[in-house]
Amino acid sequence: MSDNLARHFNLREDVTFLNHGSFGACPRPVFEAYQAWQLELEREPVDFLARHLTENMRVPREVLAAELGCGSEDIVGVVNATTGLNIAIQSLDLKPGDQILTTDHEYGALEKTWAFVCRRTGAEVVTVNVPLPLTSAEGFADAIRAGITDRTRVLFLSHITSPTALLFPVETLIAEARERGIWSVIDGAHTPGHIPLDLTAIGADIYSGNCHKWMMSPKGSAFLYVRPDVQGMIDPLVVSHGWTATSKEPGAKGAFGNSPYIDEIEMQGTRDPSAWLTVPKALEFRAEHDWWAVAAQCRDLAQETRARMEELTGLPPLCSPEFCAPQMVAMPIPECDPQDIHDTLYARYKIDIPVFRWQDRCIARLSVQGYNSRPQMDALLDALGELLDLGVTPGLRLA
Ligand SMILES: Cc1ncc(COP(=O)(O)O)c(C=O)c1O
C-alpha cells in the first residue's frame with residue numbers, strides 16, 4: 001500500500017512517522033489546494049473576506065454534512081476539536097452540584113476545560129474508571145451507568161480515546177442519556193475519516209471532530225455539530241460581527257443569513273479560513289484513492305503489529321479487537337522510562353511514536369496511515385525489542 005501512497009505526502013523521508021494520530025498529515029494535492037486558497041486570500045483580501053466568505057464557508061459545511069450524515073445547518077467549521085468542544089461546554093447552563101459524568105480515558109485538554117467550567121459554575125466532574133481490558137459493550141455501558149445520579153447533567157465521552165486508542169461504544173449511552181434529560185457531549189477528535197460516521201444515528205447533542213487528523217485536511221480544520229433542538233443554547237466563545245442581540249428569539253436569523261448558531265461561530269474576526277475551505281478537497285482525494293480500502297489495510301497492519309508486540313512483551317491488550325481504534329493501537333510495553341524510550345527511538349532510530357505512562361502502564365501508541373509500511377512496523381518492533389531488552393535479534397523477527 002504505502003510505497004505508492006507515501007509519495008503523496010510531504011513527510012520527511014528520514015523519519016519513520018508513526019504518529020498520525022496527534023496532528024495528522026496532509027496529502028500533497030490537498031496541501032496545494034490549501035495554499036491556493038491562501039494565495040487567493042492574499043491577492044484580494046477584501047474580495048475574499050468581505051464579499052465571498054459566507055458563500056465559500058457554506059461549501060465545506062454542505063460537503064461534510066453529506067459525509068457525516070447530518071444537516072448542513074447543524075455543523076460549523078472551527079479550528080480544532082478543543083475549540084469546538086469549548087464552545088459547547090462553556091455554553092452549558094450548569095449550576096453548583098450538577099455533575100459531569102466522564103471516564104478516566106479522556107484527553108487532558110478537555111479535562112482542563114471541565115475543571116475550568118466547574119470552577120466557574122460549581123458543577124463537579126464524576127470520573128468512572130472503565131475496566132480494562134474492554135471486551136464488552138454492555139460491560140462498558142454498565143460501568144458508566146453506575147456513575148449516573150440524579151445530579152448528572154452531562155455525559156462526556158471520547159468516541160476514540162487518546163491515551164488508550166479505544167473505540168468506545170457510545171450510542172446506547174447517548175440514547176439513554178437523552179431519555180434521562182442528560183446532555184451528551186462527545187469528543188470525536190479522532191473519528192472523522194477514521195471510522196464511518198453518521199452523526200444523526202449517533203444522536204449526540206454535541207459532537208466535535210477534527211478533519212485535520214484522519215480525514216487528512218490541513219491543520220486547523222474541524223467541526224462542531226450540535227443537534228438542532230440544542231443549538232439555541234450555544235454561545236460563541238468570541239463575540240464578533242456574526243452575533244445578534246435577538247439571536248435567542250424563536251425563528252431568529254443570523255447576521256449573515258444563516259442560523260444564529262452558524263453565523264455566531266463562523267465569524268471570529270479576521271482569520272485565515274483556508275484549512276476549512278480545503279475540507280472538500282481532502283474528501284475528494286480520499287474518494288479518488290479509495291481511502292476506506294486503504295484504511296482497512298492500515299487497520300490490518302496496525303492490528304497485526306499489535307499482536308506481534310503482544311507476543312514480544314507477553315503483556316495483555318487493552319481491549320478486544322472490536323473496541324480498538326482501527327488505525328491506532330495503544331500497545332502496553334514493559335515498565336520503563338517512557339520519555340527516555342521515546343527520545344531514543346527518535347534520536348537513534350528516527351522513529352516518531354508517542355511513548356508515555358498512562359495510569360500504571362507504559363504505552364507506545366502506534367498510528368498506521370496509508371504512507372506507512374510493514375518494514376516500518378518491523379523497524380519499530382526491532383527498535384523496541386532492543387531498547388526494552390525483549391530478546392529480539394534484529395532481522396529475526398516474529399512472524
Ligand atoms: C481525544 C482527543 N480530544 C481532543 C483532542 C484535541 O485535538 P485538537 O488539538 O485538534 O483540538 C485530541 C488531540 O489529539 C484528542 O486525542
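Nothing here was measured: the structure is a model prediction, and the numbers come from that model. All ligand and atom numbering here is 1-based and tracks the order in the structure.
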Exercise for the section: Start with the C-alpha distance between Phe223 and Trp276, add both sets of side-chain angles, then the distance that settles ring-ring contact (aromatic ring centres under 6.0 Å, His included), and finish with yes or no. Expected result: CA-CA 9 Å; Phe223 67 84; Trp276 172 248; 7.9 Å; no
Problem - Contact atoms of ligand 1, heavy-atom distance to Ala189 under 4.0 Å - result: 2 (C), 3 (N), 4 (C), 5 (C), 12 (C), 15 (C)
Completion exercise
atom 16 (O) of ligand 1 sits nearest the protein heavy atom His190 NE2, 2.8 Å
Exercise for the section: Would you give the length of the straight line joining atom CD1 of Ile144 to atom CG of Leu157, rounded to the nearest 0.5 angstrom? Expected result: 5.5 Å
Exercise for the section: Evaluate whether atom CZ of Arg43 has more than 12 neighbouring non-hydrogen atoms of other residues, nucleotides or ligands under 6.0 angstrom away. Expected result: no
Exercise for the section: Give the contacting part of Glu106 toward ligand 1: side chain, backbone, both or neither, where contact means a heavy-atom distance below 4.0 Å. Expected result: neither
Exercise for the section: Examine the proximity of ligand 1 to Thr82 and report which part, side chain or backbone, both or neither, has a heavy atom under 4.0 Å away. Expected result: both
Practice task
Using non-hydrogen atoms of the residue, decide whether Lys213 is closer than 4.0 angstrom to ligand 1.
Solution key: yes
Fill in the blank from the handout: closest protein heavy atom to atom 7 (O) of ligand 1 is Asn210 ND2, 3.2 Å
Problem - Glu310: which of Pro317, Pro332, Pro316 passes side-chain contact (heavy atoms from CB on, under 4.5 Å) - result: Pro317
Exercise for the section: Tell me, with the steps shown, if Asn19 and Asp352 meet side chain to side chain donor-acceptor pair (under 3.5 Å). Expected result: CA-CA 6 Å; Asn19 188 9; Asp352 208 343; 5.0 Å; no
Exercise for the section: For His212, take its heavy atoms, then give the atoms of ligand 1 lying under 4.0 Å from any of them. Expected result: 10 (O)
Practice task
Report the nearest protein non-hydrogen atom to atom 3 (N) of ligand 1: residue, atom name, distance rounded to 0.1 Å.
Solution key: Asp187 OD2, 2.6 Å
Handout entry: Cation-pi check, Lys350 onto Tyr346 ring (under 6.0 Å, within 45° of axis)
Key = yes
Exercise for the section: Below 4.0 angstrom from a heavy atom of Asn80, which ligand 1 atoms are there? Numbered from 1 as shown, please. Expected result: 8 (P), 10 (O), 11 (O)
Practice task
Answer with yes or no whether Ala81 contacts ligand 1, where contact means a heavy atom under 4.0 Å from a ligand atom.
Solution key: yes
Problem - Ring geometry between Phe17 and Tyr371 (parallel below 30°, tilted from 30 to 60°, perpendicular above 60°) - result: tilted
